[in-house]
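Heads up, the thing below is written out as structure tokens.
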Amino acid sequence: MRRLLATSIAVLGTLFASTPAVAAADEAPSTPISQVRIDGRSLVDGYGRTVLLHGVNNVDKEPPYLTPGDGLTLTAADADLLARHGFNTVRLGVSFDGLMPEQGQIDPAYLDRIADTVDVLGTRGIHVLLDNHQDGLSPAWGGNGFPEWSIKARPFPGEPNPGFPMNYLMPSMNIGWDEVWTNKNGVLDHLGTALAALATRVEGKPAVLGIELMNEPWPGSPFLTCFPGGCPGFDRTYQAAMQKLTDHIRGASATVPVYWEPNVTWNQGMPSYLGSPPQTPAITDPNIALSVHDYCIPSQMSIYGGVPEKAKLACPAQHELTWAHIDSLTSRTNRPALVTEFGDIDPNTLAATMFRADERFTGWQYWHYSSIFGPGGGADPFHGQVGDQLVRTYPQATAGTPGTLKFNPDGGDFKYTYTPRPSSKPTEIYVSDRHYPAGYVTEVTGGHTTSPTGARTVTVHADGTGPVTVKIHRPDSDGNNLPDKPGFGSGSAGSSGS
């Protein structure tokens, strides 16, 4: 039946590669990178195509920040590695402490290092989200992000500090966060000035995906009001702070995309009330998108906190809750969401995120990748079962409206359907460099491929206005071993991650 189907497809003028196609080891990006814009709940490139982003985080939390060769900061060699594995986005950490180390004084050298990193990634077709990163507020509490001069609160004498993340419960840190949300001593205005300087420095760079205003913001003293059902009262205050920061950036750039993240109780399963009238105002700026995280807290506690491994049995319920919250947030705001953090060394947990993201055509950035080309060197972390989950065949750019997307990380079977629309460039599908050791076979109905045999990126043109379906699989597969539920094809637990 498979060969009969292949013959029919070939006769109809679509492609069936009966000889397995083996991709070249390295290829330049198929299409020059273009500015990604927000279009309703989609991200769209400069050629009018719907973009899907798969990538990693690279976050430097300590000064001097972004120094290539330090074993953390991305280098050109790291960018080549990421592009070879099909990653087309990086969430690059930037620090308020680095942008404005002294009150009112922007560090131009740091801005230059950020811009240089964006350029290195952009030449490899990698879109960069500039993430104003904080964890634990400020160095006074053993954290990072806000410079010490910007927060007047300090730990109380003798106050125990349990370390991140439990230090968020310290009364003194909550006072510090209250300073942020009330703009005490102008802390939000200073941060807005710093982010506006960042926007000015990277203006016009097509690889800039946007600026994320703040990583994992903590509510401060009102945190208990966020449990068990979210905190619309705090979220009203928080949204006003996000709008203030956005307004500062808009003074420097009218169009750079800005990403808002829910307060961090989201990670504990609480919903967000951002853009939820009448509790909070509607979001009106068309260039605002959403940054969300998808962690399984029981699994993290099992790996890092000594909690029994059976705690992972609670992961499916938490994933379902998180994605229900994502659906609610995106539908009511009509904004795209990007999963800017998730991560685990358990491939089953990773698979749970991947399946749900594919279902919704939602992009993601894995936590975390550090340079393997520094003084200590390092092995490619995208091997083993974790690598099999993250390195995937997927449509990076679709000349149309996405339909169904499925990929099996065990065998590499891939199927994608979309409805075409006019575009100046074709649909581009990255073919995993991990799943097809003997090459791959491509089947297309409703369209045809124009890429060379064995290309790492398969390009597809529609033959008309009807749906286009693309299947990619190993020569010994019929391409129909596809996931129908979360966790399908996730392999066994216990692999080691990056």
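One is the number of the first residue; the rest follow in order along the sequence. All values below come from the heavy atoms of this structure, side chains included, with hydrogens, waters and symmetry mates left out.
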Quiz item: When the ring centroid of F414 is compared with that of Y440, is the distance short of 6.0 Å?
Solution: no
Quiz item: Are H54 and Y430 close enough that their ring centres sit under 6.0 Å apart?
Solution: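 H54 vs Y430: aromatic centres not under 6.0 Å.
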Would you kindly say whether [X] and [Y] are connected by a side-chain donor-acceptor distance under 3.5 Å?
X    : Y    : value
T73  : S371 : no
T401 : T419 : no
H383 : R434 : yes
R49  : S34  : no
N263 : D235 : yes
T457 : E428 : no
N480 : K471 : yes

Does [X] reach the main-chain N or O of [Y] with its side chain, forming a donor-acceptor pair under 3.5 Å?
X    : Y    : answer
S299 : C296 : no
N58  : L72  : yes
S423 : Y47  : yes
R456 : G86  : no

Relative to each other, are the rings of [X] and [Y] parallel, tilted or perpendicular (30° and 60° limits)?
X    : Y    : value
F382 : H85  : perpendicular
W177 : W181 : parallel
W367 : H133 : parallel

Are the side chains of [Y] and [X] in contact, using a 4.5 Å heavy-atom criterion?
X    : Y    : answer
E261 : E216 : yes
V460 : T449 : yes
R124 : L82  : no

Where [X] and [Y] come nearest, the two heavy atoms and their spacing:
X    : Y    : answer
I297 : N267 : CG1-O, 3.3 Å
F164 : N167 : CA-OD1, 3.6 Å
I345 : V386 : O-CG2, 3.9 Å
G269 : L321 : O-CD2, 3.4 Å
I326 : V292 : CD1-CG2, 3.8 Å
H368 : V59  : NE2-N, 2.8 Å

What's the separation between atom [atom1] in [X] and atom [atom2] in [Y], rounded to the nearest 0.5 Å?
X    : Y    : atom1 : atom2 : answer
L329 : N334 : CG    : CG    : 11.5 Å
D60  : T117 : CG    : OG1   : 10.0 Å
Y238 : T280 : OH    : OG1   : 12.0 Å
Q389 : N348 : CD    : CG    : 8.0 Å
L137 : Y168 : CG    : OH    : 7.5 Å
D285 : T246 : CG    : OG1   : 6.5 Å

Quiz item: Are I288 and T333 close enough, and set up right, to give a side chain to side chain contact (heavy atoms under 4.5 Å, CB included), and what steps lead you there?
Solution: CA-CA 10 Å; I288 291 174; T333 61; over 6 Å; no
Exercise. Determine, step by step, whether L52 and Y416 satisfy the side chain to side chain contact (heavy atoms under 4.5 Å, CB included) criterion, reporting the C-alpha distance in whole Å, the side-chain angles of both residues, the deciding distance to 0.1 Å, and the verdict.
Key: CA-CA 13 Å; L52 185 59; Y416 178 50; over 6 Å; no
Self-check item: T353: partners by side-chain contact (heavy atoms from CB on, under 4.5 Å), with sequence neighbours left out
Solution: D294, H319, W323, F342
Practice problem: Step by step, work out the side chain to side chain donor-acceptor pair (under 3.5 Å) result for Y436 and T393. | Solution: CA-CA 10 Å; Y436 312 100; T393 298; 2.9 Å; yes
Self-check item: Residues that F223 engages under ring pair (Phe, Tyr, Trp, His ring centres under 6.0 Å), provided they are two or more places apart
Solution: W218
Quiz prompt | K406/D358 ion pair, N-O < 4.0 Å | solution =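 Judged by the 4.0 Å cut-off on N to carboxylate O distance, K406 and D358 do not form a salt bridge.
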Self-check item: Set of salt bridge (charged side-chain N to carboxylate O under 4.0 Å, His left out) partners for K61, sequence neighbours left out
Solution: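 Per chain and number, K61 pairs via salt bridge (charged side-chain N to carboxylate O under 4.0 Å, His left out) with D135.
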Quiz item: Between Q134 and N132, does a side chain to side chain contact (heavy atoms under 4.5 Å, CB included) hold up when you go through it step by step?
Solution: CA-CA 7 Å; Q134 75 76 36; N132 174 40; over 6 Å; no
Quiz item: Is there a side chain to side chain contact (heavy atoms under 4.5 Å, CB included) between V56 and V90 once you walk through the steps?
Solution: CA-CA 5 Å; V56 298; V90 164; 4.1 Å; yes
Practice problem: Give the intermediate values and the outcome of side chain to side chain donor-acceptor pair (under 3.5 Å) for residues Y259 and T340. | Solution: CA-CA 10 Å; Y259 284 69; T340 52; over 6 Å; no
